[in-house]
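Shown next, in structure tokens, is the structure this report addresses.
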Amino acid sequence: MNSVYNILESIEAEQSRLRKEQILLSNIDNKLLIESFRLAYDPMISYFIRKIPSYTISHNPSNNLEWAMAELENTFATRKKTGNAAISHLIYILESLHEKDASVIERIIKQDLRCGVGEPTINKVWPGLIKTYPIMLASGFDQKLISKTSFPAYGQLKLDGMRFNAIIRNNKVEFRSRNGKLLDIKSNLFSTAFLRLAEIYSTDIVFDGELIVVDASGRTLDRKTGNGILNKAIRGTQEEEEASFIRAQIWDAIPHVDFIKRKYNVAYKERLELLNRSLYSFRQKTSMGHLINIVHTEIVEDFYIADLLFRKFLSQGHEGIIIKTMHGIWEDKRSKDQIKLKAELECDLRIVDWEIGTGKNKNRLGALVCESECGLIKVNVGSGFSDEQRDQFTLESVIGKVATIKYNARIKDKSGNTESLFLPTFVEIREDKQIADTNDVIK
């Protein structure tokens, strides 16, 4: 039986999504491989270690990969050891293993097996292995959906930051991205603010919203700069000074017990009103009100008024709005009770390959080859990159990652086998997202 390390290396070497899947299928009964994927990609498992410490490679290993993986889940994920004790124990584990097994443990801790395989493919091979992180998403604009929407409704500003949850359990707070990755926001004040807000609810609670970054005068930074700082929270490289400029714009609060159940049968009107009252009380009792706000929300009597609000926000340089019905419940799904209105089309695609540039871009990035999670949409994206990105991006650093692509329309590919995108432009790498969009949500 091939080692987990060798299997991962063979998957990483393949550019074809189908070929990667075939390698997994040929190792479908490999229990250690299955466990490595579960431990790396289950969004509800965290190891609370941001940086792999220096260690000495063992030439005479005393333990094996199975033992090490059990240690990760039983000791680090349960926080039996934290701080320096956790670091010391991790060094002991890594120095007890063969070099290749130690590499697998490093990848699991970083929650990235570096083989370009996402959750849908993993669950296709091993159904139900990776639990998805609960998240409620809005539907794209569709006239049929609008015609069925109950008005009056809410029109909320669509933000251009990073989706997040503040999860408060047992008087402790953790911040997670839209796919469940821990966000290491190095601001005790920010954490304290959410703990104080949660006290008003008197139960374990999950706040849903978006993170933005402001400058010294309180103005929101542009998407590229702001998300660059926020992505550092995913990588664990954010500085305390940077974290001091992070602000939360929230729009929902779900009891943790219902969040785990993936459904909360309370109308949005009731949830939003309670959130407003709670935030008002929080501001009366603390001096931290500047850190947390409710996203700008207006009541729209019909779609005509919603469209006027949409156009007003566009004129102010914003992305658009989300129309939310008052009766909609919270569910872990793409909801028909929430509809996005945006001026420009965007989608998130997986990077599967790249092309070397020519002329001025000789010997550096020319274009990224991207496709939808289902493989039905494929496009070469050659514009939108800065010179710095063309120099810094390498095939190894971007392959398998998800990127946001701006485009004008879907079109038929010349080959006729897939669809493509008209005038695709690179926007950013999505460090907070592991699953690309599928054909059915790309308009």
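As the structure is a computational prediction, the values presented were derived from the model and not from experiment.
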Note to self: Can you classify the ring geometry of Trp126 versus Phe37 as parallel (below 30°), tilted (30 to 60°) or perpendicular (above 60°)?
What the structure shows: tilted

Next item on the list: Could you pull out the closest heavy-atom pair between Leu275 and Trp251, with the gap in Å?
Entry: CD2-C, 3.6 Å

Note to self: For the CG atom on Asn74, are there more than 12 heavy atoms of other groups (residues, nucleotides or ligands in this structure) within a distance under 6.0 Å?
What the structure shows: yes

Check: Side-chain donor-acceptor pair under 3.5 Å between Arg262 and Thr132, yes or no?
Finding: yes

Notebook entry, point to check: Is it true that Glu428 and Lys224 make a salt bridge, defined as a side-chain N closer than 4.0 Å to a carboxylate O?
Noted result: no

Check: Salt bridge or not for Arg169 and Asp204, using N-O below 4.0 Å?
Finding: no

Notebook entry, point to check: Got a salt bridge between Arg114 and Asp112, using NZ or NE/NH1/NH2 to carboxylate O under 4.0 Å?
Noted result: no

Check: Under 4.0 Å between a Lys/Arg side-chain N and an Asp/Glu carboxylate O for Glu12 and Lys20?
Finding: no

Note to self: Which heavy atom of Ser383 sits nearest to which heavy atom of Pro424, and what is that distance?
What the structure shows: OG-O, 3.1 Å

Next item on the list: Please determine if Glu174 and Arg176 form a salt bridge, counting it only when a charged side-chain N lies under 4.0 Å from a carboxylate O.
Entry: yes

Next item on the list: Please check if the side chain of Glu210 supplies one atom and the backbone of Lys158 the other of a donor-acceptor pair under 3.5 Å.
Entry: no

Next item on the list: Taking the side chain as every heavy atom from C-beta outward, state whether Arg430 and Arg178 have any atom pair closer than 4.5 Å.
Entry: yes

Check: Does a salt bridge link Lys340 with Glu346, judged by any charged N lying under 4.0 Å from a carboxylate O?
Finding: no

Notebook entry, point to check: Should Arg223 and Glu319 count as an ion pair when the cut-off is N to O under 4.0 Å?
Noted result: yes

Notebook entry, point to check: Side chains of Leu345 and Asn408: does their closest heavy-atom pair fall under 4.5 Å?
Noted result: no

Check: Among Phe259, Tyr264, Tyr268, which residue meets the ring-ring contact (aromatic ring centres under 6.0 Å, His included) test with Trp330?
Finding: Phe259

Next item on the list: Test salt bridge (Lys or Arg N to Asp or Glu O under 4.0 Å) on Lys336 and Asp142 and set out the steps.
Entry: CA-CA 10 Å; Lys336 294 181 180 179; Asp142 185 288; over 6 Å; no

Next item on the list: Please examine the side chains of Ile429 and Ile351, heavy atoms only from C-beta on, and report whether any two atoms are closer than 4.5 Å.
Entry: yes

Margin query: Quick check on Lys269: does its NZ atom have over 12 non-hydrogen neighbours (other residues, nucleotides or ligands) under 6.0 Å away?
Written below: no

Notebook entry, point to check: With ring centroids as reference points, do Tyr201 and Phe207 lie under 6.0 angstrom apart?
Noted result: yes

Check: Does the side chain of Thr325 pick up a donor-acceptor pair with the side chain of Asp337 at under 3.5 Å?
Finding: yes

Next item on the list: Report, as yes or no, whether the 6.0 Å neighbourhood of atom CD on Gln316 holds more than 12 heavy atoms from other residues, nucleotides or ligands.
Entry: yes

Note to self: Here's a test for you: under side chain to side chain contact (heavy atoms under 4.5 Å, CB included), which of Val381, Ile377, Val427 qualifies with Ile405?
What the structure shows: Val381

Notebook entry, point to check: So, Gln156 versus Lys324: side-chain donor-acceptor pair below 3.5 Å or not?
Noted result: yes

Next item on the list: Return the orientation label for the Phe190 and Phe164 ring planes: parallel under 30°, perpendicular over 60°, tilted otherwise.
Entry: tilted

Note to self: For Asp208, is there an ion pair with Arg163 - N to carboxylate O distance below 4.0 angstrom?
What the structure shows: yes

